[in-house]
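Predicted, not measured: the structure shown is a model, and the values here were computed from it. The figures that follow rest on heavy atoms only: side chains count, while hydrogens, waters and symmetry mates do not.
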Amino acid sequence: MGDLELLLPGEAEVLVRGLRSFPLREMGSEGWNQQHENLEKLNMQAILDATISQGEPIQELLVTHGKVPTLVEELIAVEMWKQKVFPVLCRVEDFKPQNTFPIYMVVHHEASIINLLETVFFHKEVCESAEDTVLDLVDYCHRKLTLLVARSGCGGPPEGEGSQDSNPMQELQKQAELMEFEIALKALSVLRYITDCVDSLSLSTLSRMLSTHNLPCLLVELLEHSPWNRREGGKLQQFEGSRWHTVAPSEQQKLSKLDGQVWIALYNLLLSPEAQARYCLTSFAKGQLLKLRAFLTDTLLDQLPNLAHLQSFLAHLALTETQPPKKDLVLEQIPEIWERLERENRGKWQAIAKHQLQHVFSPSEQDLRLQAQRWAETYRLDVLEAVAPERPRCAYCSAEASKRCSRCQNEWYCCRECQVKHWEKHGKTCVLAAQGDRAK
């Protein structure tokens, strides 16, 4: 893996320097598609850099060229497109595209950006280079985590099984819902990395996290519901690496990555001097935080010893008088990207959708073939295997897999029986991927 490189240093710099923000109207256009492909390459290269532990030039380039704010703006722009324009496209009765992949790429764009941010935000200098847009990113993460808590109260994430009666646009909506769950989990990781920088965040950002959104209480809700865990047939399953995995009984006491992210974020927000000076411990906050004591078992403390300090904090909190809500007059910054984009596009959602239907999402057969060739060049199999978090898993039963779909070479299976059972679901994407390989 050490010799595998997707981008040369000079190429990576050219791609980073070329990053820019696109108006909502231009999403899915030729220029936008080129940037989406560039972001995917940067994304995969960043994961490769982190995997082989030989420095992380993508992260350094983003900081050097001041492109982290651009990524945040693009993230929020595509989030708004999915909320305001995508539903309009889905309601157009006479829009029945033969191929929904051009629309899927726009829907998937949000996942690509949040994945890249999750990879690079591990480094404090990246968070600092976000400058004022860190406020917008905090709001974005709060929206995603609130949705995650609300969804867990309604039975967890939607299942991926499609219906034979659904049309391509309905299938795309289901895929978007599934993607939203993964995006929210990555937003949790990004938020945790932001809390690692709590000592250098502005007072406005701290106030936004602690007073406006009361993130400590939201994180307690997440721990209570643990939407990344579920029971299926009496067995515990955890969501990791874009799949649900059955957890062996001997591993069930082991702290999952996502639970760990929540605990570290809580530790940073409750025990750092900067946060303690800003957080108002009302009676509601006290009641919510004291719920954490039931989770702080000896097994957990063995895995995260620093949580002993949090345990002491909670023991002291139980004996402390609560505070009334503060009514200080504070002049602070507020996030502006969402408000600006909504102001610029208010009343234009129908027009944007109509324009994209005519000029973006109704490509010719030749355009689709050319695009399929570019996708095949972007998503190289050797790179995809290298950035995979673990050994391949069967797409049907999640067991370790050694056989790949002979047609598209993208999906993995442990046996022929599982491949046959999964074909109804996999067949649609398999055909498109195979066409891309032939075009290449």
Side-chain angles (χ1 to χ4, degrees), residues 124 127 134-135 138-139 141-146 148-150 152-153 184 187-229 253-330 332:
K124 288 189 176 182
C127 181
V134 74
L135 275 168
V138 165
D139 267 31
C141 292
H142 176 259
R143 288 193 294 271
K144 296 301 178 183
L145 298 189
T146 301
L148 196 58
V149 170
S152 64
L188 171 60
S189 295
V190 171
L191 180 66
R192 173 253 148 138
Y193 295 137
I194 293 175
T195 67
D196 285 345
C197 306
V198 71
D199 57 340
S200 58
L201 294 175
S202 68
L203 291 179
S204 295
T205 305
L206 273 178
S207 176
R208 196 81 180 169
M209 297 170 75
L210 298 171
S211 301
T212 306
H213 296 317
N214 200 346
L215 288 179
C217 289
L218 180 59
L219 292 171
V220 173
E221 288 281 314
L222 275 177
L223 272 182
E224 282 191 300
H225 291 94
S226 292
W228 46 86
N229 294 333
Q253 295 299 314
K254 186 177 179 180
L255 185 68
S256 72
K257 176 185 175 181
L258 290 165
D259 281 304
Q261 298 285 45
V262 177
W263 281 113
I264 294 171
L266 279 167
Y267 182 93
N268 292 335
L269 290 175
L270 294 176
L271 296 187
S272 68
E274 293 79 8
Q276 285 188 337
R278 302 288 300 174
Y279 191 40
C280 182
L281 287 166
T282 62
S283 57
F284 171 76
K286 177 179 177 179
Q288 288 294 102
L289 295 178
L290 289 180
K291 294 178 181 179
L292 294 173
R293 293 194 296 180
F295 296 96
L296 288 167
T297 62
D298 291 339
T299 304
L300 176 61
L301 293 175
D302 287 341
Q303 297 175 74
L304 278 178
N306 280 352
L307 292 184
H309 300 297
L310 180 58
Q311 190 177 46
S312 299
F313 167 81
L314 294 173
H316 181 263
L317 176 62
L319 304 174
T320 303
E321 292 292 329
T322 58
Q323 307 168 15
K326 293 181 180 179
K327 298 182 180 180
D328 298 339
L329 179 61
V330 180
E332 60 184 43

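Interatomic distance, S272 OG to L201 CG, rounded to the nearest 0.5 Å: 9.0 Å. One distance of note links OH of Y279 with SG of C217; it measures 3.5 Å at 0.5 Å rounding. Separating the CG atom in L270 from the CG atom in L292 is a distance of 7.5 Å, to the nearest 0.5 Å. Taking CD of Q276 as the reference point, atom CG of L281 lies at 8.5 Å (rounded to 0.5 Å). The CG atom of L203 lies 5.0 Å from the CZ atom of R278; values are rounded to the nearest 0.5 Å. Rounding to the nearest 0.5 Å gives a distance of 9.0 Å between CG of L266 and OG1 of T195.
For K291, the salt bridge (Lys or Arg N to Asp or Glu O under 4.0 Å) partners are E224, not counting sequence neighbours.
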Subject >> Trace of the side chain to side chain contact (heavy atoms under 4.5 Å, CB included) decision for L219 with L269 >> reply: CA-CA 10 Å; L219 292 171; L269 290 175; 4.0 Å; yes
Subject >> Criterion side chain to side chain contact (heavy atoms under 4.5 Å, CB included) on L300 and W263, from CA distance to verdict >> reply: CA-CA 10 Å; L300 176 61; W263 281 113; 3.6 Å; yes
**OP:** Let me see the working for L258 and L222 under side chain to side chain contact (heavy atoms under 4.5 Å, CB included), right down to the final yes or no.
**Re:** CA-CA 10 Å; L258 290 165; L222 275 177; over 6 Å; no
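Aromatic ring pairs are classed by plane angle as parallel below 30°, tilted from 30° to 60° and perpendicular above 60°; the pair H213 and H142 is parallel.
Taking each heavy atom of A285 and C280 in turn, the nearest pair found is CB-O, 4.3 Å. Minimum heavy-atom separation, L317 to K286: O-CE, 3.3 Å. Nearest heavy atoms, S204 versus L135: O-CD2, 3.8 Å. Closest approach of A318 and R293 over heavy atoms only: CB-NH1, 3.7 Å. Closest approach of Q261 to S189, counting heavy atoms only: NE2-OG, 3.2 Å. For the pair D259 and L255, the tightest heavy-atom approach, listed with the atom from each and the gap, is CB-CD1, 3.6 Å.
Proximity of a side-chain donor or acceptor of Q303 to a complementary backbone N or O of T299 within less than 3.5 Å is detected. Side chain of S226 to backbone of L223: a donor-acceptor contact under 3.5 angstrom is found.
The side-chain heavy atoms of D139 and T212, taken from C-beta on, include no pair separated by under 4.5 Å.
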With a cut-off of 3.5 Å and sequence neighbours excluded, list every side-chain donor-acceptor pair involving residues 306-316.
unit_1, atom_1, unit_2, atom_2, d
S312, OG, A308, O, 3.2
H316, ND1, T320, OG1, 3.4

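Under a cut-off of 6.0 angstrom, the local environment of CD in Q253 is sparse, with at most 12 non-hydrogen atoms contributed by other residues, nucleotides or ligands.
In summary, of the residues considered (L210, L191, I194), a side-chain contact (heavy atoms from CB on, under 4.5 Å) with L215 occurs for L191 alone.
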